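Here's the structure, in structure tokens; my notes come after.
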Protein chains: 2
Amino acid sequence: MATIRDVAKHAGVSVATVSRVINETGYVHEDTRKKVETAIKELHYTPNEVARSLYKRKSRLIGLLLPDIANPFFPELARGVEDEMQENDFRIIFGNSDEKSSKEQEYIQTFVQNNVVGMIASTNDPDTHAYRKLNIPVVFLDRTMDNRPSVYSDGYEGGRLAAQEIAARGSRNIAVIQGPERVRPAMDRFRGAAETLKDLDIAFQVIQSSSFGIAEAGVWAKEVFRKVPDTDGVIASNDIVAAAVLHEALRLGKKVPEDVQIIGFDDIPLSSLLTPPLTTIRQPAYEMGRAAARLLIQLIEKEALDNHTIQMPVTFTERDTTRKAEKND
Amino acid sequence: MATIRDVAKHAGVSVATVSRVINETGYVHEDTRKKVETAIKELHYTPNEVARSLYKRKSRLIGLLLPDIANPFFPELARGVEDEMQENDFRIIFGNSDEKSSKEQEYIQTFVQNNVVGMIASTNDPDTHAYRKLNIPVVFLDRTMDNRPSVYSDGYEGGRLAAQEIAARGSRNIAVIQGPERVRPAMDRFRGAAETLKDLDIAFQVIQSSSFGIAEAGVWAKEVFRKVPDTDGVIASNDIVAAAVLHEALRLGKKVPEDVQIIGFDDIPLSSLLTPPLTTIRQPAYEMGRAAARLLIQLIEKEALDNHTIQMPVTFTERDTTRKAEKND
DNA sequence: TTGTAAGCGTTATCAC
DNA sequence: GTGATAACGCTTACAA
């Protein structure tokens, strides 16, 4: 690899001059600039980012910490983050936390060891010391805490919508699957749904689920029909679980949506490919990722405040696991 | 952030000594080691990886380049890579190429600028100059080239299996969806299926598809039933497309698998949640990711040869979009 | 407008 | 056993 010295020698100037043309900083004569530029071309020189990072104490790297990229909601988020970062010449160091604080700490540590300029995290404990003591900006994505920069969608409203719409479509004995307790958006959704159902005076039962994983989804689905065999509507904690519920309902010979209506959360890409296509509360995951990246960049460039939060809209996405609404216009 | 100098001062020794205890290199008296270790603890010192990387001209970072993390096959791969790397204290800089050579080049460049010690890539052109000139090991994953370190599964055999099994289950007018032409595994699958069908003397028609994306899958699915309305078996280019085909078949009122059998490729996590669950040719994506990471680590540590290739088995995963096999034992 | 040299935080060589 | 110190490749005062 050619270094800045090689370029300087080749162009017959000093390294300082080369640095000046690379960074477009300070004066440099047009002729010398040309010389330097051809030298750079000829030697295929590209600056060593590590040396830069060492001197400036900041890199063009950001850390992205997600619970589990294999969970279909997160790739969309990640893709949004990556696209926005890529367009702004930032690169991403990526890690999965599995919701484990130990892995999280480990990644946070290596992020700072690598001089990342910022971090995007989807964590259950945004308030821990580990984040507070960081002197780089952190944007919390999806999982979020008040008063910290974050991008999320309104889980409570999502839950409310789900309850309202499934009720409006005639379900009267509803099973609500409650997501993992320590996952804030899951709890928000649950609260939104439960409170709305209560207000509407509609009977519902709660099924606990302790994870969002594909592996366990089938278990929660079976649990639903074991605990509430005659349910005519289920509000699932996310689309994976909803898909599993749909699958189980069909397997039991129930008609969807005639016998049971099902509403999911997230609108992962495959939801529309299910049969029947899944009605769900959509979160704009890709856009959330992009928004988080944009916010982080603003924070890095000090163009945004430290408590900026962005709430994205959730939308009722009507497909065919719910019946047509009863007249309500 | 505390530096090695701070630690040295705090412990009343030289930086050299601190370095020795950190890296467990050279002699250091038990007592001084203790002193240094407590100093490290008290100051919460962690070595600056950037400085290390600069001096040693190698980091603990590896580059991972995938076509599109939002395509459900790749998160599994990525997760496998990440888990293995994480366990070996390597971190990942991640990028999506969108199969675009320009993005690919850009990432390769920034990977080397950041001193990555190795790279894992899923690319259509593993043979380009961009890779050949690299002086770090590269493992090609899924998309692969002979004579270069790679991990992939046997697409040809997969195609053969799909054809054989769908034929054994009675399909006689088969639609084979051919994946993108420049994607090698897709072509291998197609060849495997087409040649097998030819050998078996079974009629089939080919539907071209130019991408693996979720967005377009529905288009190819419609195409299938437009071009081959009376087909009784479709071999899809991957599970996404298979899911779309299943969806479309059901929408058209066809019975699956009675009227049409469907076989996919990959076995993405959601395939088993479809109704009916999708029969598919499974690739062990997660294990492939892990294997690629392991191989790369061996290459980095010079424990493996430069042309080491690992072929993973594909397996016929029988679920309910195919009929029970006709007696063939 | 350009060059010299210090410094970023490490590791490794060489004396002691 | 331990400590100075050069070096990794860059940026940026400061001088010229």
Side-chain angles (χ1 to χ4, degrees), chain A residues 1-37 39-40 43-61 89 109-117 135-136, chain B residues 1-37 39-40 43-61 89 109-117 135-136:
Chain A
M1 283 279 86
T3 75
I4 199 173
R5 307 200 89 80
D6 299 329
V7 176
K9 203 163 297 174
H10 197 82
V13 299
S14 77
V15 293
T17 304
V18 178
S19 178
R20 281 189 201 100
V21 348
I22 294 168
N23 299 291
E24 306 186 20
T25 161
Y27 301 95
V28 33
H29 191 92
E30 195 49 35
D31 297 352
T32 46
R33 147 170 291 116
K34 288 270 184 289
K35 279 194 297 185
V36 172
E37 275 165 356
I40 288 176
L43 299 181
H44 297 108
Y45 169 76
T46 53
N48 180 324
E49 283 297 331
V50 177
R52 277 189 168 166
S53 171
L54 179 59
Y55 183 86
K56 320 233 296 198
R57 274 112 141 225
K58 51 169 61 173
S59 64
R60 297 293 290 180
L61 260 17
D89 293 324
Q109 196 193 34
T110 59
F111 287 166
V112 319
Q113 286 183 294
N114 284 283
N115 273 2
V116 301
V117 274
N135 42 18
I136 52 170
Chain B
M1 280 281 86
T3 76
I4 198 172
R5 308 198 88 81
D6 299 329
V7 176
K9 202 163 299 175
H10 198 83
V13 299
S14 76
V15 293
T17 303
V18 178
S19 179
R20 281 190 202 100
V21 347
I22 294 168
N23 299 290
E24 308 187 19
T25 161
Y27 301 94
V28 32
H29 192 91
E30 195 49 34
D31 296 353
T32 46
R33 148 170 290 115
K34 288 269 183 290
K35 277 195 297 187
V36 171
E37 276 164 355
I40 288 175
L43 300 179
H44 297 109
Y45 169 76
T46 53
N48 181 324
E49 282 297 330
V50 177
R52 276 190 169 165
S53 172
L54 178 60
Y55 183 87
K56 319 233 296 200
R57 275 114 140 223
K58 52 168 64 171
S59 63
R60 297 294 289 182
L61 259 19
D89 293 323
Q109 197 193 35
T110 59
F111 287 166
V112 318
Q113 286 184 292
N114 284 284
N115 272 1
V116 302
V117 274
N135 43 18
I136 51 168

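Throughout, a chain's letter reflects where its sequence line sits, starting with A, and its residues are numbered from 1. A quick note: this is a predicted structure, and the numbers were derived from the prediction, not measured.
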Could you give the CD-to-C1' distance, from Glu24(A) to dT12(D), as a whole number of Å?
17 Å

Does Arg52(B) place a side-chain N or O at less than 4.0 Å from the phosphate oxygens OP1/OP2 of dT11(C)?
yes

Counting the atoms with a prime plus P, OP1 and OP2 as sugar-phosphate, which does Val50(A) contact under 4.0 Å by heavy atoms, base, sugar-phosphate, or nothing?
nothing

Which part of the nucleic acid does Thr32(A) contact within heavy-atom distance under 4.0 Å: base, sugar-phosphate only, or nothing?
sugar-phosphate

Could you state the atom-to-atom distance from OH of Tyr27(A) to C1' of dA13(D) in whole Å?
16 Å

With Ser19(B) via side-chain hydrogen bond (donor to acceptor under 3.5 Å, both in side chains) - residues at least two apart
Asn23(B)

Testing dT4(C), dT10(C), dG9(C) for proximity to the side chain of Ser14(A), the answer is dT4(C)

Write out a two-atom table: protein N or O, nucleotide N or O from nucleotides 12-16 of chain C, distance below 3.5 Å.
| unit_1 | atom_1 | unit_2 | atom_2 | d |
| --- | --- | --- | --- | --- |
| dA12(C) | O4' | Tyr55(B) | OH | 2.9 |

Phosphate-side-chain proximity, Arg57(A) and dG9(C), N/O vs OP1/OP2 below 4.0 Å
yes

Based on the rotation axes of five pairs at each end, what angle does the helix from dT1(C)-dA16(D) to dC16(C)-dG1(D) bend through, to 10°?
50°

Nearest to side-chain heavy atoms of Leu54(A), which nucleotide of dC8(C), dT10(C), dT1(C):
dC8(C)

side-chain contact (heavy atoms from CB on, under 4.5 Å) with Tyr45(B): which of Asp6(B), Val7(B), Val36(B)?
Val7(B)

